[in-house]
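Just so we're on the same page: letters track the sequence lines, and every chain starts at 1.
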Amino acid sequence: MQTQAPRSVAEAEAIQDELRPLLDLTGPGPRRPSLVAGVDVAYAGDRLAAAVAVLDGGTLEVVEQVTVGAPVAFDYVPGLLAFRELPALLDALGRLTVTPDLIVCDGYGLAHPRRFGLACHLGVLTGLPAIGVGKTAFVGSYAEPGPERGSASDLTLDGEVVGRVLRTRDGVKPVFVSVGHRVDLDTACHNVLALTPSYRLPETTRVADRLSRRALAGL
DNA sequence: GCGACAG
DNA sequence: ATCTTGTCGC
């Protein structure tokens, strides 16, 4: 019932091309989600820990947390990050007792060489609205957004807008937002700003990040 | 052909 | 991702 682990790069790319048609890019997606899930993965040698943190979309308080440990089963290859993190993340998401209205991923969605980054993959497999928030540039070109929080510029790839470079804090390096599944770009950015009242990264990913590291450390 | 390259 | 000290600033 699950996509089996690919044995090669070519096989992994073929899976992405096969799943891409299942993407729902009609939006708009939740503008006031009551539950938002943040996902992240931490590594240590040949082991990894996946974490899911569900926050109240209004208060940003943590509602539920889940972590899952597993062996690393796929080497990191730019463009194929999902095959490294997806299995454990799906496992963790499956153990939630609540269903989030939106999933915020660490990384990219549509802004991807084959238009099928981690956020798209996770969205399609779970059927839930998902967006990607990357910390560094990956694909596409862009102009530096204005210095104030809320400023943004288009992330363009092959002549099309695949994401947005968004400043979440005054004078701080911007983040790279792209759509994953069942959410449009405006709604994605709106949610990212709502999730970043004090820091550069969404509270969801900050909580998931801490959680995954502590799980690795054995706490 | 040679680099660059989410995490 | 991870390996790592000190340092600037609120």
| query | Backbone N or O of A/T196 within a donor-acceptor pair of the A/R149 side chain at under 3.5 Å? | reply |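 Yes; judged by distance alone, with no hydrogens or angles, the pair exists.
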| query | When you measure from the side chain of A/S178 to the backbone N and O of A/G109, does any donor-acceptor pair fall under 3.5 Å? | reply |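 Flag set: sc A/S178 to bb A/G109 pair under 3.5 Å.
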| What pairs of residues pass the salt bridge (Lys or Arg N to Asp or Glu O under 4.0 Å) test when at least one of them lies in residues 14-30 of chain A, not counting sequence neighbours? |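 Of all non-adjacent pairs touching residues 14-30 of chain A, those that pass salt bridge (Lys or Arg N to Asp or Glu O under 4.0 Å) are A/D17-A/R20.
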| Residue pairs, two or more places apart or on separate chains, that pass salt bridge (Lys or Arg N to Asp or Glu O under 4.0 Å) and touch residues 163-182 of chain A |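 Residue pairs with at least one partner in residues 163-182 of chain A: A/E144-A/R167, A/R164-A/D186.
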| said: Run the side-chain contact (heavy atoms from CB on, under 4.5 Å) test against A/V207 and tell me which residues pass, sequence neighbours left out. | reply: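 For A/V207, the residues satisfying side-chain contact (heavy atoms from CB on, under 4.5 Å) (neighbours in sequence not counted) are A/A53, A/L55, A/V62, A/Q65, A/R210.
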| message | Can you measure A/R213 atom CZ to C/dA1 atom P for me and round it to whole angstrom units? | response |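 Interatomic distance, CZ of A/R213 to P of C/dA1: 6 Å.
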| task | Using atom CG of A/D75 as one end and atom P of C/dA1 as the other, report the distance to the nearest whole Å. | result |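 After rounding, the gap between these two atoms is 17 Å.
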| field | Step-by-step side-chain hydrogen bond (donor to acceptor under 3.5 Å, both in side chains) determination, A/T205 to A/D40 | value | CA-CA 7 Å; A/T205 89; A/D40 195 22; over 6 Å; no
| request: Could you walk me through whether A/Y76 and A/E85 pass side-chain hydrogen bond (donor to acceptor under 3.5 Å, both in side chains), step by step? | output: CA-CA 10 Å; A/Y76 172 69; A/E85 316 200 324; over 6 Å; no
Collect all protein-nucleotide pairs involving nucleotides 3-7 of chain B in which both atoms are nitrogen or oxygen and the distance is under 3.5 Å.
| unit_1 | atom_1 | unit_2 | atom_2 | d |
| --- | --- | --- | --- | --- |
| B/dA6 | OP2 | A/Y76 | OH | 3.0 |
| B/dA6 | N7 | A/G79 | N | 3.2 |
| B/dA6 | N6 | A/G79 | O | 3.1 |
| B/dA6 | N6 | A/L80 | N | 3.3 |
| B/dA6 | N6 | A/L81 | N | 3.1 |
| B/dA6 | N1 | A/L118 | N | 3.2 |
| B/dA6 | N3 | A/Y108 | N | 3.1 |
| B/dG7 | OP1 | A/K135 | N | 2.8 |
| B/dG7 | OP2 | A/T136 | OG1 | 2.9 |

| field | Aromatic plane relationship, A/F176 with A/Y142 - under 30° parallel, 30 to 60° tilted, over 60° perpendicular | value |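 The rings of A/Y142 and A/F176 stand perpendicular, inter-plane angle above 60°.
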| said: So, taking the atom named OG1 in A/T126 and the one named CD1 in A/I103, what distance separates them when rounded to the nearest 0.5 Å? | reply: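 Those atoms lie 4.0 Å apart.
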| query | What's the spacing between A/L211 CG and A/T67 OG1 if we round to 0.5 Å? | reply |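 Spacing of CG (A/L211) from OG1 (A/T67) equals 5.5 Å.
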| said: Each nucleotide in nucleotides 4-10 of chain C should get exactly one letter: B, S or -. Can you fill that in based on protein heavy atoms under 4.0 Å? | reply: -------
| request: With pairs defined as Watson-Crick or G-U wobble and both distances under 3.5 angstrom, please note down DNA chain C as a dot-bracket string, | for pairing with another strand. | output: ..........
